[in-house]
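All heavy atoms count here, side chains included; hydrogens, waters and symmetry mates do not. Since this is a predicted model, take the numbers as computed values, not measurements.
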Amino acid sequence: MGRAGAVGGAVAVAALLTQACAAGPVPSSETVPAPSSPSTTEDQGVTAGEPDAATGRERRTKPTRDPLADAVEGLATGLDEPVLGADISWPQCPRGMGIPERPTQGSPPPADEARYVILGLTNGPSFYPNPCLADQVADVRARGRMAAAYAVASYPEPARLARHGDDGPYDGGDRLGALANTGYAQAEFNLETMNEAGLLSPIVWIDVEPVPDFEWSADREANAAVLGGLARGYRDAGYAIGVYSTPYLWEQVVGDLELGVPEWRAAGHTSGTAALATCAPGEDIQGGEAVLGQWVERNRDMNLTCPGVSLALERWFHQY
């Protein structure tokens with residue numbers, strides 16, 4: 001691929017992100033993930049009024065009702081009803097798998113009523129694949145569910161930066177260009193993982209949040225360069241992209257950066273009603289349209305489609 005030229009400072013990051021988002025298919029027009037990441041939260045006791053460290057939102061007392069009752073009761077709005085789904089990744093793999101920093105947990109699978117499942121490609125940080133993705137895809141296929149993909153974005157380890165910094169569409173001789181090239185390589189690695197597992201998806205959701213043991217840098221401009229290269233890698237491969245995060249988590253990693261891509265919004269340990277509330281105007285993360293709201297209940301990551309999305313699910317999910 002041709003080099004994009006020298007990259008430097010805020011102007012350079014803006015150019016990287018413009019390249020990342022300027023081309024490629026989008027599930028609708030470009031006006032279109034709490035958890036430490038989708039599928040990584042554990043079911044712990046929750047007390048009313050305690051702030052959620054990940055989202056900054058108020059955590060609520062863990063309900064005793066069936067979570068599916070809360071998910072669907074009183075939420076229907078005619079034909080455009082919220083559609084219940086789930087997201088899973090390495091925590092749902094059988095115990096004894098995964099990297100030392102992210103041992104698998106044997107967490108509960110999606111509820112039977114889930115119509116779609118968003119599958120994580122990574123075992124936490126980038127360049128480490130979900131160790132049981134192929135089995136999870138096979139289960140989704142056997143149940144005839146809809147599917148999509150997400151992957152955690154992370155700051156490159158020194159060895160990764162040395163290996164991939166000069167290999168990509170950006171000028172690796174520049175610090176931000178090398179970081180963007182490594183982000184681009186993250187996308188290529190994740191798509192290879194996805195293809196090997198037989199997972200089909202019209203979109204890849206980019207999970208942006210702090211990653212324990214693989215922390216983002218304190219330089220948000222540098223973090224944004226990684227994200228710009230990652231986004232471009234998916235788009236160059238023909239995939240639409242979206243963002244999973246919260247306003248609080250997003251700001252911690254990349255500040256006030258705006259991509260304007262679709263959003264999957266996390267509400268933390270709350271309820272289906274609270275998850276739907278994140279779909280409202282003014283709840284945006286980076287200037288994009290709300291597609292999904294996620295909440296955590298009984299050690300499951302549960303999701304509901306935002307208004308309008310249920311009328312065109314094929315734009316966001318592959319039907320097996």
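Two rings, from Phe189 and Phe127, have their centers less than 6.0 Å apart.
Not a single donor-acceptor pair under 3.5 Å links the side chain of Asn123 to the backbone N or O of Trp90. One N or O on the side chain of Trp250 and one on the backbone of Leu257 form a donor-acceptor pair closer than 3.5 Å.
Under a cut-off of 6.0 angstrom, the local environment of CZ in Arg145 is crowded, with over 12 non-hydrogen atoms contributed by other residues, nucleotides or ligands.
Between atom CD of residue Gln294 and atom CE of residue Met302 there is a gap of 10.5 Å, rounded to the nearest 0.5 Å. We find the CD-CG distance between Gln286 and Leu227 to be 9.0 Å, quoted to the nearest 0.5 Å. Rounded to the nearest 0.5 Å, atoms CG (Asn190) and CG (Leu230) are 7.0 Å apart.
A continuous path of Ile, Leu, Val, Met, Phe, Trp and Tyr side chains, each step under 4.5 Å between heavy atoms, connects Tyr320 with Val204, placing both in one hydrophobic cluster. Residues Val291 and Leu313 share a single hydrophobic cluster, defined by chaining ILVMFWY side chains whose heavy atoms lie under 4.5 Å apart.
Checking Asn130 against Gln136 by side-chain atom types alone, a donor-acceptor pair falls below 3.5 Å. In this structure, a donor-acceptor pair under 3.5 Å is present between the side chains of Trp264 and Asn303.
Within the cation-pi definition used here (under 6.0 Å to the ring centroid, within 45° of the axis), Arg232 qualifies as a partner of Tyr170.
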